[in-house]
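Naming: A, B, ... by sequence-line order, numbering from 1 per chain. Computed from a predicted structure; not experimentally measured.
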Amino acid sequence: MVKFLSDEWNNISKEYILKKLDPEKDLRNVTTSLLAVIEHVPPNDSTMNFYLELQDGKLTNFIVNTGDTHVGKEAVFTVSGNYGTYRSILKGEMSMAVALLRGRLKLKGSKMKALQIIKPLDGVIVSLKEITDEFEE
Amino acid sequence: MNQNNVLSSDKISLEESVAIAEKGTHCGMCRIDFLGTGLCPSGKKYGYLAYWPQGRMEIVKHLKEGKIKPTEKLIEIANSCTLCGICDKQCNFATQLRPEKVARALKDYVDKLDKSQIQTVEEDDILRGLREIVGKDWATNDPIIIASYIRSIISPNGELNFYIVMPENTEQVSKIIKFANKNNLPFLPRAGGTALSVATPTVLKNGICLEHGIVIDLLRLNKLEIHPESSSATVGAGIASFELQKEAYKHKLRANVAEAGAHYCANIATTGIVTTWGNSYGCFADNFIDLVLVDNEGNVKKHSDMGISNPYTTEHGFTNISLSPSYIITEATAKLFPVFDDEEAVLVPFDNLKDAMDMVIQLGRRGVGLSLAVLSYKYLAEFICPNRKIAKDFEEICKNYIKLRYVVDVICDKNDKKIVEEMAKYSIDQSMMRTLILGSPKLASLKDSEFMKILSEEDDPLKAIFAGPMRKHFEKGLDASPEQLAKVYDKDLQDFFKKVYSKPEMSNVVWLHAFRILPSRLMRQMMTMGPGGAIWAGDKNHILKWVDMFAEVGNKYNLEHALGFISPLDNGKFIYIEYDYFYDHNDPDVANRISKTLLETTEKSLVMGQIFTLINYLFKGLYRKEHVLYPLFKGLTKEEQELFREVLHSVLGEF
Amino acid sequence: MSLEKVETMQKISLEDALEIAKKGSHCGMCRFDFLGTGICPSGKKYGFLAYWPQGRMQIFKMLMSGKVKPSEKLIEIANSCTLCGICDKQCNFATQLRPEKVAKALKDYTNNLDKSEYQEVIEDDVIKGLREIVGEKWATNDPVIISSYVQTIIHPDSELNFYVVMPENAEEISKIIKFANQHNIPFMPRSGGTLLSCATPTVLSKAICLDHGIIIDLLRLKKLEVDVKSCTATVGAGITAFELQKEAHKHKLRANLAEAGAHVCSNIASTGITSTWQNRYGWAADNYIDVTIVDDKGTIRNNSDMEIKNPYTTERGFTDITLSPPGIITESTVKLHHIADDEDVILVPFEHLKDALSMIIKLAQRNVGVSLIVLSRKYLSEFLCPTNQIAKDFEYICKNYLKLNYVVDVIGNKDDKKIVEEMAECTIDKSMIKTLILGAPKLASLKNSEFLKVLSEEKNPCKAIFAGPMRKHLEKGLDASPEQIAKVFDADLQDFFKKVYSRPEMTDIIWLHSFRILPSRLMRQRLFFAQAGMIWSADQDKILRLVDMLSKVCDKYKLEHMLGFILPMDDGKYVFFEYDYYYNHNDPDATKRVSQALIETTEKCLLMGDILMVLNYLFKGLYRKEHVLYPIPKGISDEDLALFRELIVSILGDEFKW
Amino acid sequence: MVKFLSEEWIEYGKNYILEKLDPEKDMKNITTSLLGIIEHVPPNDIIMSFYLELKDGKLNDFKVNNGDSFQEANYVIKGNYGIYKDILQGKIGTAMALLKNRLQLKGSKIEALKIIKPLDGLIESLRDITDEFEE
């Protein structure tokens with residue numbers, strides 16, 4: 001169990017998703033990419049992001065970064081919200097969909113598209129949930 | 001028909017043709033098929049203004065004055081005219097001119113030319129670039145073609161260093177603009193061109209004409225789809241009001257449109273469409289569901305896009321003046337409104353403005369009627385009468401004999417008609433209007449008759465003829481018929497006009513309000529400048545003062561002038577007023593006085609307050625009326641007045 | 001008066017008080033002065049919901065269920081009640097409850113507590129920060145105060161880890177939001193709270209309530225200025241519909257408003273203001289000239305600003321669901337409308353919806369009338385009748401004797417009235433409505449009378465009774481008077497209600513349409529959930545099919561249900577419909593069934609097409625109606641339906657299965 | 001005579017204003033700053049800008065920048081090279097360019113227009129010294 005956005009977190013989640021999520025069953029062979037921007041990250045109120053790329057349901061890229069852009073890659077869609085929101089999502093207090101519909105997460109890109117892969121993404125979130133237990137307070 | 005050919009084949013010199021051409025007012029009625037004659041075949045085929053009757057008239061003027069030299073295109077332009085006579089019919093209805101004679105003279109002139117006199121036109125890099133975007137046929141730098149755009153986007157004085165391009169769709173417009181910016185060339189879209197032609201003789205000329213660069217003629221964007229289920233229409237920038245209305249009517253729907261020749265999209269951009277239907281159909285952004293436009297950077301945007309910056313608001317205050325649009329509307333999704341089976345027209349005559357205004361504002365506030373307006377007897381006469389002479393006599397009769405100064409003009413369903421009739425002592429119904437339209441020549445001829453003298457001695461002459469005992473005699477006396485009316489036209493056109501006036505719609509006031517083919521008559525052989533704007537309707541004396549002000553200034557510069565029309569807006573919270581000055585656009589002195597009048601009335605209006613003047617109106621049409629008309633305008637302070645003058649002077653030069 | 005005092009001084013058992021409290025429907029009618037009684041002095045002074053009758057009832061429930069422990073504030077809350085009796089009068093008019101008894105019980109309960117039972121509340125950094133922004137008094141983390149917000153923004157099951165803050169202006173709100181983001185704390189504004197209280201018992205609860213964090217109670221934004229010249233009013237977020245209407249009417253102007261207790265600004269944001277006036281006065285962005293909004297970054301902007309992102313458009317399509325407003329509207333400049341001197345009202349009774357519908361749409365297209373609506377007999381009864389029982393009997397009579405199932409309800413000027421009269425076979429005029437309001441109890445009592453049996457044999461009972469020979473008898477028989485109707489209220493309140501019903505406006509149907517104090521009666525002592533939407537009106541059979549479908553689904557889930565109303569909008573191009581399910585919000589099984597009906601009907605509507613469901617227009621009231629209503633929604637495909645279900649599951653959680 | 005936006009141009013401009021323009025009469029003692037952004041500068045289609053600052057009618061600062069990092073100013077006008085050229089060649093007035101949307105304005109139009117006149121004076125002076133443009 002590791003700390004959200006730490007290097008271990010990044011590595012372990014990668015392995016976890018590759019191991020535990022079946023590209024077809026869980027991830028429906030989707031090809032997409034998501035840039036998640038995390039604002040107001042304690043303690044220094046910094047901004048971070050992670051970039052996540054799926055090809056035919058296989059995880060091809062998953063990187064944690066600082067700042068609000070991911071160098072090089074254009075994500076199919078971008079969600080941004082504050083650290084607290086991501087915490088609630090990873091703690092399972094709120095689903096990603098609700099966060100979107102309530103404006104806690106802001107979406108760049110088509111809502112339609114985003115919601116179409118919400119299910120597979122939930123899968124990813126769940127696995128992240130499994131391995132994340134520590135947050136900045 | 002053959003008589004027609006005989007006449008039109010009478011030779012006339014270039015000089016004579018110029019005399020006709022100079023009376024042309026660029027009303028653009030020769031570019032829409034409003035009489036069922038079909039369209040000018042060459043214009044339809046070649047597109048550029050030069051190939052339309054209006055364009056040929058402009059060209060001969062500049063050939064004559066030597067501003068332009070013949071080119072190969074000139075030969076094509078002259079020969080493309082088939083002498084079919086359509087333009088004579090259309091132009092006669094509106095302005096009683098014979099453009100075909102001009103075309104004929106141009107043919108003769110071209111035939112006499114020898115090759116050596118014909119200059120060749122080089123294709124430069126800019127033109128090459130434009131042609132890559134729209135194709136070879138649809139971009140040109142030919143001076144003759146360029147000259148045809150003078151007075152309707154190009155100022156008469158100044159060189160002709162322009163390019164004309166006719167894009168086919170939004171993407172091409174976008175490419176053209178990006179290309180223009182990259183090459184640091186200014187550009188300006190042209191649609192119907194009437195707004196431009198009205199301003200050109202005046203001081204506004206430099207303000208609104210394109211000084212050099214690329215004229216983007218939008219005529220080819222002629223997409224037109226009606227969506228009955230959502231009662232809306234998709235309208236391209238090349239579609240004229242008349243064409244949209246015609247299509248809408250096929251589905252028992254009506255669009256809120258400007259004069260027949262005005263292009264719908266351009267009209268949204270310029271004034272948000274000012275009509276007598278505005279109180280119930282809306283104004284500014286009310287008119288459309290969505291717009292597609294290209295901005296000055298060449299970006300394509302829709303009003304329904306979420307990413308763009310607020311497209312519905314504009315800066316507030318009198319300094320917010322725009323003399324050209326910061327965008328080109330290439331396509332609009334227009335709202336359409338139901339046409340009811342029981343629609344009728346009812347006109348209530350008045351001898352003073354105050355009472356007429358009271359009534360129209362009350363109707364506006366109570367939401368009675370679809371089309372609401374106060375018309376001056378001047379408008380009524382010009383609209384109804386087939387030519388100026390008859391209109392003048394008709395006016396005099398209204399003024400001196402029957403004391404008809406204003407009419408409250410209402411189009412509505414049966415229920416609303418009852419309401420109006422109960423409010424009015426008496427009214428003019430649709431059949432009487434038909435009688436007046438077809439009988440106007442006869443009526444005019446009664447100018448000095450006994451009948452009129454007797455009538456004028458009645459204490460209420462209007463009542464006597466419209467609702468009283470004399471109505472029968474009156475109707476009989478006028479013997480209103482297409483035959484009678486046709487007599488006022490040139491011999492060779494009488495058969496045609498007999499047929500035209502036999503069509504029910506030509507004497508159907510409701511149809512005429514919807515299709516608006518009559519306003520072009522205001523400009524017959526002369527120009528009209530109609531300042532005005534929207535004024536808060538809460539203070540009637542304030543409104544009357546405003547109208548008086550226009551009259552005083554008009555007298556000061558001894559101009560022919562009259563109130564045009566008054567229509568309520570925004571549930572009667574505002575009314576729109578157009579006040580008209582009439583003048584000969586070929587006379588620089590009067591044009592100069594018009595300019596002064598325009599500036600003076602605008603300044604006085606701004607000082608009075610609660611007025612949103614025409615100058616502020618310009619190019620605000622795609623915003624929410626709530627952001628344009630509110631908060632109400634306060635009167636200018638001394639300091640602001642100074643500022644206003646400074647601005648205008650640095651824009652328009654000293655006055 | 002003396003009688004009244006005695007009544008209220010009598011002790012009341014905690015159990016009895018709890019019974020009353022449970023029936024509270026959070027209608028918020030106790031927070032503004034709609035009967036001329038003045039308003040609850042403690043609520044007015046302390047602001048927080050806890051100090052209003054509604055809040056005390058909620059707190060009492062929470063204390064009894066042990067969900068919250070007493071705190072110092074509880075004493076202040078209990079003692080701040082002066083037992084003036086205003087709440088009993090207001091609540092009786094709306095829902096026939098006696099909140100004062102609960103307040104009394106709360107006093108007794110607190111006085112019997114011993115100091116040791118009070119929990120201590122510590123001021124943490126967050127509350128410190130908030131107090132720096134709004135001042136000591138206007139931010140709290142006291143659990144008792146927080147508990148008063150349960151069911152109107154807090155889900156009953158969630159812990160009470162909240163803060164409540166009452167800012168005074170947009171600047172403070174901006175600071176609060178920036179502060180919240182800084183500390184990663186979620187926040188949500190609260191105005192009238194009725195919308196939330198309707199959704200809370202249902203499946204939507206978790207999605208729409210605030211899970212934890214800062215409740216921004218907007219009650220203190222009280223700006224209210226009418227500008228007669230431009231026919232507009234500047235309205236702060238704390239102003240209720242009733243308060244604005246009252247101010248507007250002083251100038252012979254009218255605002256387009258929701259129910260009396262709804263706050264104007266939040267109502268614009270949530271549903272764009274649905275009213276019987278909307279065909280004439282407009283919907284969504286039509287309602288306002290400008291609004292001031294604080295966005296979720298804490299930035300303050302106006303819709304008239306040029307440099308902001310397009311504030312008038314939204315995504316379309318069935319997936320575009322929004323469960324929170326695009327920002328907090330702190331102030332709006334709304335349009336007001338002239339009131340004609342000759343305004344009158346006219347009701348046209350119908351047996352069949354089909355006929356009522358075609359009439360209302362025709363009127364709307366031709367712009368006849370200012371207020372247009374088809375009311376079901378259910379609504380008519382609930383509105384007119386002082387108590388639930390009388391309403392039930394009244395409805396029974398409409399249904400079984402009068403064949404009066406729907407009325408086309410029109411307000412317009414005298415010209416409009418003539419037009420309607422010419423279209424209608426028989427009509428109910430203003431004086432007859434007054435008779436029905438004051439005579440409702442008597443009429444109800446005739447339920448099984450000979451008179452009605454005879455009447456029901458008439459070919460057209462409505463005509464006979466409202467326009468025909470029997471009208472006189474009816475008017476005489478009902479002996480409609482303030483005295484009569486006052487009799488149905490508790491003995492100690494009868495004098496008061498006699499005075500109330502003697503006031504002309506209380507029986508003036510036009511006034512009642514403008515001020516909308518009656519809809520609160522729909523919620524008396526139980527809740528209802530309204531399935532609602534807008535349907536393209538050109539295909540009237542489809543509208544009938546829709547209503548049919550809605551009722552079938554409700555039967556399937558054994559719910560009490562009835563069409564509420566249908567009203568035209570957008571020049572009659574659309575009609576807005578509300579279909580209501582009535583249920584006991586304290587019964588979990590019933591709420592479950594309501595939830596299922598809600599989802600099932602939503603799905604069926606999406607499949608039908610031409611319908612914009614409440615789920616899809618919620619929180620879109622700020623946009624131009626042209627961008628919300630058009631293009632007209634098409635029926636969705638089966639893949640789309642699957643997607644929609646996934647979406648619903650991820651919103652509502654897995655406990656919701658098909 | 002010099003080239004638009006060149007070093008010399010700035011120098012000439014400065015001197016001209018200091019010598020020829022009276023802070024009170026011509027510049028109305030105004031205190032303001034103006035950023036002019038010039039797009040599509042030939043030959044390489046680059047962006048340039050000039051920043052001009054007046055204090056009590058006296059020229060305080062006047063400089064030219066390359067690229068799109070801009071200085072804060074009371075108001076900002078933006079347009080392509082061609083329109084600036086037209087203005088400096090006297091083909092079109094500054095106010096006209098604004099009203100025709102050839103120059104886009106950021107900031108209050110009122111404020112901008114208030115100093116149009118003195119600004120014209122400045123343009124006038126620059127006009128006399130500028131004769132060379134990129135083509």
Practice item. Show your working on side-chain hydrogen bond (donor to acceptor under 3.5 Å, both in side chains) between B:Q172 and B:K175 and close with a plain yes or no. Key: CA-CA 5 Å; B:Q172 290 183 356; B:K175 284 190 186 136; over 6 Å; no

Check your understanding: Would D:F4 and D:L126 count as a side chain to side chain contact (heavy atoms under 4.5 Å, CB included) if you check the C-alpha gap in whole Å, the side-chain angles of each, and the deciding distance to 0.1 Å?
Key -> CA-CA 9 Å; D:F4 181 41; D:L126 292 172; over 6 Å; no

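Heavy atoms closer than 4.5 Å to chain D are found nowhere in B:F644, neither backbone nor side chain. Of the two parts of B:N296, only the side chain, counted from C-beta on, holds a non-hydrogen atom closer than 4.5 Å to a non-hydrogen atom of chain D. Both the backbone and the side chain of B:N320 come within less than 4.5 Å of a heavy atom in chain D.
Taking chain D as the reference chain and counting heavy-atom pairs below 4.5 Å, the highest number among B:P325, B:S322, B:G317, B:G213 is found for B:S322.
A side-chain donor-acceptor contact under 3.5 Å links D:E53 and D:N60.
Under the 4.0 Å criterion applied to side-chain N and carboxylate O atoms, B:K634 and B:E640 are not assigned as salt-bridge partners.
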